[in-house]
Amino acid sequence: MNMLVTAGPTREAIDPVRFLSNRSSGRMGFAVAAKAAEAGHAVRLVAGPVTLETPTGVERIDVVSAGEMCDAVTEHVAWCHALVMAAAVADWRPAVVGSRKLKKGEGPLGLQLERTTDILQSISHRKGERIFVGFAAETGDPEAEATRKLAAKSLDMIVANDVSRPDAGFEVDTNAVTFIDQNGTTRHIETAPKSEIAAEIVTWIEGRL
Ligand code: CTP
């Protein structure tokens, strides 16, 4: 199978030296790419700015902003049989990007933000027989929000995680997740290494194709 995976945060420029981003380390998406390649699948990994090594056998496409990630996914989605969107894509970007470093001046600074494209929604018409898996990083009720996103983004399965837990989500090697599929079937995986959760995601996709 051909698997397209996205991972990491995106960076949205404010000026030549500043940006908006988030705490994603890229570990979950890189683990999915590594496990899929180990299982013998062809893997393309669209990576935001992270400090991780490219897993063996994986073709890596580096991007910086949400717009660049959207362009890369749009370009490669036709190639894949399965897409795993593990990236923490920025939802907003500065409406105006300074061409020179902003000077601090006196008093507060207001930043006008505009929405970025929702990548999954923008490619939903290209889904066809492809399997699309998304992630939902939540600090409230992960399962309720994830179920809403599963439908809104035309996903086959969503991996919900509560990023407010110290042993799950950002910047740690473990995660605690719930798989929710289109039929509403849920499966909880208690705290486990991201590599184990990645292997479960790959196995789930293999079972669908
Ligand atoms: N996603 C995407 N394009 C975006 C934002 C998110 O394709 N611009 C994808 C993510 O990669 C993930 C899924 O959508 O697989 C859910 O992302 P999440 O950040 O949890 O949800 P949002 O749709 O951004 O909603 P909110 O931030 O309001 O919770």
Side-chain angles (χ1 to χ4, degrees), residues 3-13 19-33 36 43-50 61-78 80 82-95 113-127 130-165 168-171 175-182 186 194 197-198 200-202 204-205:
M3 191 186 288
L4 182 62
V5 182
T6 68
T10 64
R11 284 183 186 169
E12 310 307 320
F19 56 80
L20 296 175
S21 193
N22 61 64
R23 289 175 54 203
S24 171
S25 66
R27 278 182 249 194
M28 194 63 244
F30 272 60
V32 171
V43 183
R44 292 183 182 170
L45 172 61
V46 178
V50 295
I61 300 137
D62 283 310
V63 298
V64 176
S65 65
E68 288 173 18
M69 185 168 281
C70 189
D71 290 346
V73 171
T74 304
E75 181 184 339
H76 294 281
V77 70
C80 79
L83 166 69
V84 178
M85 279 290 301
V89 188
D91 290 318
W92 298 280
R93 68 175 157 237
L113 302 179
E114 63 184 19
R115 281 284 309 272
T116 57
T117 304
D118 189 296
I119 300 174
L120 280 170
Q121 279 177 347
S122 77
I123 56 165
S124 61
H125 65 287
R126 315 248 317 255
K127 186 173 175 332
R130 294 181 180 84
I131 299 289
F132 282 4
V133 173
F135 275 73
E138 306 296 342
T139 54
D141 178 349
E143 289 186 32
E145 266 303 284
T147 303
R148 184 183 64 75
K149 291 177 188 176
L150 176 83
K153 296 178 188 252
S154 314
L155 299 171
D156 296 278
M157 199 263 276
I158 193 156
V159 181
N161 62 342
D162 179 353
V163 293
S164 58
R165 289 171 54 148
F170 297 132
E171 296 163 334
N175 214 349
V177 301
T178 305
F179 290 4
I180 306 171
D181 73 14
Q182 264 181 338
T186 62
K194 286 183 175 172
I197 293 171
E200 294 290 342
I201 293 168
V202 172
W204 188 91
I205 293 169

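Throughout, residue positions are numbered sequentially from 1 according to the sequence presented. Both counts, for ligands and for their atoms, begin at 1 and track the order of listing.
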Worksheet, complete the sentence: min-distance protein heavy atom vs atom 16 (C) of ligand 1 -> F135 O, 2.9 Å
Worksheet item: Do any N/O atoms on A86 end up under 3.5 angstrom from N/O atoms on ligand 1?
Response: no
Discussion item. Please check this pair: side chain of T178 against backbone of A160, looking for a donor-acceptor N/O pair closer than 3.5 Å.
Written reply: no
Worksheet item: Does any donor atom in the side chain of T147 or E145 lie under 3.5 Å from an acceptor atom in the other side chain?
Response: no
Worksheet item: Run the side-chain contact (heavy atoms from CB on, under 4.5 Å) check on V163 and R23 step by step: do they pass?
Response: CA-CA 10 Å; V163 293; R23 289 175 54 203; over 6 Å; no
Worksheet item: Against heavy atoms of A137, which atoms of ligand 1 measure under 4.0 Å?
Response: 20 (O)
Fill in: ligand 1 to K149 polar contact by distance, N or O atoms, under 3.5 Å
yes
Worksheet item: Does T6 reach the main-chain N or O of A87 with its side chain, forming a donor-acceptor pair under 3.5 Å?
Response: yes
Practice prompt. Return yes or no for this condition: an N or O of L120 is under 3.5 Å from an N or O of ligand 1.
Written response: yes
Item to complete: List every atom of ligand 1 that sits less than 4.0 Å from any heavy atom of T116, numbering the atoms from 1 in the order shown and giving each element.
Response: 8 (N)
Worksheet item: Short list, please: which atoms of ligand 1 are under 4.0 Å from a heavy atom of D118?
Response: 2 (C), 3 (N), 4 (C), 7 (O), 8 (N), 23 (O)
Worksheet, complete the sentence: Closest to atom 2 (C) of ligand 1 among protein heavy atoms sits I119 N, 3.6 Å
Worksheet item: Would you say L83 and I123 make side-chain contact, with heavy atoms under 4.5 Å?
Response: yes
Worksheet item: If you measure from each heavy atom of T117 to ligand 1, is any distance below 4.0 Å?
Response: yes
Worksheet, complete the sentence: Short version for I158: what comes under 4.0 Å of ligand 1, heavy atoms counted, is neither
Discussion item. Could you check whether any side-chain N or O of S25 sits under 3.5 Å from a backbone N or O of F170, counting only pairs where one atom can act as donor and the other as acceptor?
Written reply: no
Fill in: For atom 15 (O) of ligand 1, the protein heavy atom that lies nearest, with its residue and separation
M85 O, 2.8 Å
Practice prompt. Take M157 and F132 through the test side-chain contact (heavy atoms from CB on, under 4.5 Å) and record every step on the way to the result.
Written response: CA-CA 7 Å; M157 199 263 276; F132 282 4; over 6 Å; no
Worksheet entry | Protein non-hydrogen atom below 4.0 angstrom of atom 25 (O) of ligand 1 present | yes
Fill in: side-chain contact (heavy atoms from CB on, under 4.5 Å) assessment of L113 paired with L20
CA-CA 10 Å; L113 302 179; L20 296 175; 3.6 Å; yes
Discussion item. Return the CG to CD distance between D156 and Q182, rounded to the nearest 0.5 Å.
Written reply: 5.0 Å
Worksheet item: Is the side chain of R27 donor-acceptor paired with the backbone N or O of E171 at a distance under 3.5 Å, no angle test?
Response: yes
Worksheet, complete the sentence: Quick note on ligand 1: atoms under 4.0 Å from a heavy atom of A87 include exactly 10 (C), 11 (O)
Worksheet item: Would you say the side chain of R126 lies within less than 4.5 Å of the side chain of T74, judging by non-hydrogen atoms?
Response: yes
Worksheet, complete the sentence: Numbered in order shown, the ligand 1 atoms found under 4.0 Å of a heavy atom of G134 are 15 (O)
Worksheet item: Does even one non-hydrogen atom of A66 get within less than 4.0 Å of ligand 1?
Response: no
Worksheet item: What is the closest protein heavy atom to atom 27 (O) of ligand 1, and at what distance does it sit?
Response: D91 OD2, 3.0 Å
Worksheet item: So, is K153 polar-close to ligand 1, with some N/O to N/O distance under 3.5 Å?
Response: yes
Worksheet item: Just to confirm, does any protein heavy atom lie below 4.0 Å from atom 19 (O) of ligand 1?
Response: no
